[in-house]
Amino acid sequence: MLTERYVTVALDVPLPQCFDYLLLQGEVAVGERVVVPFGRQTLSGVVLAVHGETPQVAKLRAVESIPGDMPALPSDVIALCRFCADYYAYPIGAVFAAAIPGAFRQAQPWPGFEAAMAYVAPDVEALLAALSPRAHKQRALALQLAQPLAVEAIRAVAGDAMRWVRDWQESGLVVQTRQSAVALQCAPSASPALNDEQAAAVAAVNAAQGYSPMLLYGITGSGKTEVYLQAIAATRAAGHQALVLVPEINLTPQLEARFRARFPGEHIVSLHSGLADGERVRGWLAAGEGRAGIVLGTRLAVFTPLPRLGLVVVDEEHDPSYRQAEGFRYSARDAAVYRARLRDVPVLLGSATPSLESWRNAQEGRYRLLTLRQRAVSGAMPPKIELVPIQRARMVDGFSEYVLAAMRSTLAASGQVLVFINRRGYAPVLSCHECGWISSCKHCSAKLVLHLAERRLRCHHCGYDIRVPLACPDCGNHDLKPLGHGTQRVEAVLAELFPDANVLRIDRDSTRRRGALGEMLRQVHAGEADILVGTQMMAKGHDFPGLQLVVVLNADTGLFSVDFRAEERLFAQLLQVAGRAGRAGKPGRVLIQSMYAEHPFYHALVAGDYAEFADAQLTERRSLALPPYAAWAVLRAEAKQLASALDFLREAASLLAGYPVHVATPVPAAMARKAGWERAHAVISADARPPLQAALRLLAAHYAEAAPRGVRWALDVDPQEF
DNA sequence: AGCACGCCGACT
DNA sequence: GTCGGCGTGCTC
């Protein structure tokens, strides 16, 4: 008797459930994709079950087609996606959609499919028998087809070899198959000698059996990357694949170059959002077919199928960019740890300033702590961090005399200076010194930022953009002046103060053009720039051998934030910029201008002692029952009227009345108005995970069923910013 | 999220 | 007269 077959499909729609379809013909495995009718549209979805149980739904429709271009997602990737959908209370189909390359979310088959396949002759003798004895090239190809052969390899035999293969395929002598799953194994090029601490760390990683989370805590310049490289060499020698996550796309090229130099001939795949669709699919397939030995990528790479995964590395694990800020708000760091657990492999988290979550896990023994205290680069010395109190100092355009003197002497000795601006909450706005008018956005509760070069005022949140007014709109005064010191203002001030110096500004605006950042970095390396002015992006990864002095202008703004994580972020950021100085044999000097030089925060910073800072922070968090000692989520709401957003949040709070969670009073968000929408949120907290999860599941299910009118809402589990 | 259906204002 | 505004309802 022929039983009917059904498939359960995860579709990319904002609904928490999966959808069942009748499978009339063809074969499909769990983890493959199918194209199905959905309402009036046709969508691609991932198959989560194939079964014979009649689904209890009013209307059942049939699978439209099985493209067959995407290899089935392995069970650990499926389990990871399911976990994320549950943990982040995010629609399951949307999680799967995020986990696979864009080409496989289309209803059409991936156009590069044919070229990515290989061909094999199941019976070479039969194929040879069908060929003319004089067709030497064909016979040579037939012999090669004993092993699966990629299209490029077939084309290399003869220009029209693919035509022969298609003929043979029609007569069943050759079949299409996936490329053979043999990863190249190659010895790494000579590795530098390790110091004792590095050697101990590598030995610990290599000795780890099964799931073993490790936190590699090492100051800037202590050689964390070398530990990764040597641990990966051992992983590769054992025939396993390594997954390496990096925070940002800008950092991949550098690290990729270092990996390629160390592992020549190795198939290294780099996966990030800047990749063209085809490239991403090819890399993803190479990883999933086991041909790639090392996968290097940004957060979405955490979902890459890896049949022989042996080690997971998360570099700069504290970095905020591991967290997706929009839509599917997941933490790739946490997902990587969960994945390592699913696959029962070691996971190495590295940082000079670990997240307090990881620090606590290490303190409580859940993560093994591997510490690198010494600088590995010979001759490198830690930078000398000095605080420059400015509450009574004479200031020249935002710079204290002391700092200017230090800059002058550094420049006189032909050293480079970096002026770092902590831009968070500190933008150059235009103000009227007569009546106090300040340029603000029509749609947001943000200030319009002055872009001097273009003579425009621009909102960094919604893109609202106007010409700089000639006079104050309120009182007509013509003397409008910038307030605060944005990068452009600082650049202008420095050009005036140091007319002989070459000032280079590196920020989002000046590097927007493709290749601009690379060109600027080249100028810095070539010594063509004397003073660099920059924001966050300067702090990350880039090495500036000539840099001798770092000046931090307005660190304090992060010190008194409503966001309890602001100090943690500021510490990481300042230590990271400090690390830019003095890496090439000369000790660097870091000057931090501050109104609050006595603040305990700066004690630990000047000592470069993250452990002291982290321990103090954890003590405080514990006493206040803040994360990581409590489970937090934020319910965010946006509406045209603030009152509707607040009403929605109050209603949601009442829904959770019976749950062992605490819902804080809804408050307007820090940026209360954005692009014409009023924003508010409510913190939902619990002393343990399970009750929080249960509450979030209820909320998500309730509002998916009955969408609130006029209110956009989102859940943010383990929120990082407020 | 799409994509329909549905019932009110200014245009060929 | 109808083109189109976006409110709300549904999708196996």
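Proteins get letters first, then strands, A, B, ... in listed order; numbering begins at 1 in each.
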**Request:** Give, ordered by number, those residues of residues 99-108 of chain A having at least one heavy-atom distance below 4.0 Å to an atom of DNA chain B; if nothing qualifies, reply none.
**Result:** none
**Item:** Nucleic acid contacts - residues 20-50 of chain A versus DNA chain B, non-hydrogen atoms under 4.0 Å
**Value:** A:R40, A:Q41
**Terminal contacting nucleotides, 5' and 3', DNA chain B versus chain A (heavy atom, 4.0 Å)** = B:dA1 to B:dA4
**Asked** Around A:Q169, counting heavy atoms of other residues, nucleotides and ligands shown, do more than 12 lie under 6.0 Å from its CD?
**Response** yes
**For A:A49, side chain to side chain contact (heavy atoms under 4.5 Å, CB included) partners two or more places apart** = A:T8, A:H51
**Message:** Test your reading of the model: is there a side-chain donor-acceptor pair from A:D344 to the backbone of A:Y211, 3.5 Å cut-off?
**Reply:** yes
**Asked** Pairs in or reaching into residues 64-94 of chain A: which pass ring-ring contact (aromatic ring centres under 6.0 Å, His included), with residues at least two apart or in two chains?
**Response** A:F83-A:Y87, A:F83-A:Y338, A:Y90-A:F328
**Message:** Quick test of your reading of the model: are A:D277 and A:R105 salt-bridged, counting only N-O distances below 4.0 Å?
**Reply:** no
**Request:** Determine which pairs satisfy side chain to side chain donor-acceptor pair (under 3.5 Å) with at least one residue from residues 21-38 of chain A, sequence neighbours left out, and list them in order.
**Result:** A:R5-A:E27, A:R33-A:S44, A:R33-A:D69
**Asked** Taking only residues two or more places apart in sequence, or in another chain, which ones meet A:A637 in a side chain to side chain contact (heavy atoms under 4.5 Å, CB included)?
**Response** A:A645, A:F648, A:L649, A:V711
**Prompt:** Which part of the nucleic acid, if any, lies within reach of A:P55 when heavy atoms closer than 4.0 Å are counted: base, sugar-phosphate only, or nothing?
**Reply:** nothing
**Message:** For the CD atom on A:E114, are there more than 12 heavy atoms of other groups (residues, nucleotides or ligands in this structure) within a distance under 6.0 Å?
**Reply:** yes
**Prompt:** What is the 5' to 3' range of DNA chain C, first to last nucleotide, that sits under 4.0 Å from any heavy atom of chain A?
**Reply:** C:dT8 to C:dC12
**Message:** So, using salt bridge (charged side-chain N to carboxylate O under 4.0 Å, His left out) as the criterion, who are the partners of A:E317 when residues are at least two apart?
**Reply:** A:R333
**Request:** Would you please name every residue forming a side chain to side chain contact (heavy atoms under 4.5 Å, CB included) with A:A714, sequence neighbours left out?
**Result:** A:R329
Show the atom names and distances, to 0.1 Å, of all donor-acceptor pairs under 3.5 Å that link a side chain in residues 677-684 of chain A to residues at least two apart or in another chain.
residue	atom	partner	partner atom	Å
A:R679	NE	A:M671	O	3.0
A:R679	NH2	A:M671	O	3.4

**Pairwise salt bridge (Lys or Arg N to Asp or Glu O under 4.0 Å) hits with a residue in residues 637-657 of chain A, at least two apart** = A:E638-A:R712, A:D647-A:R650
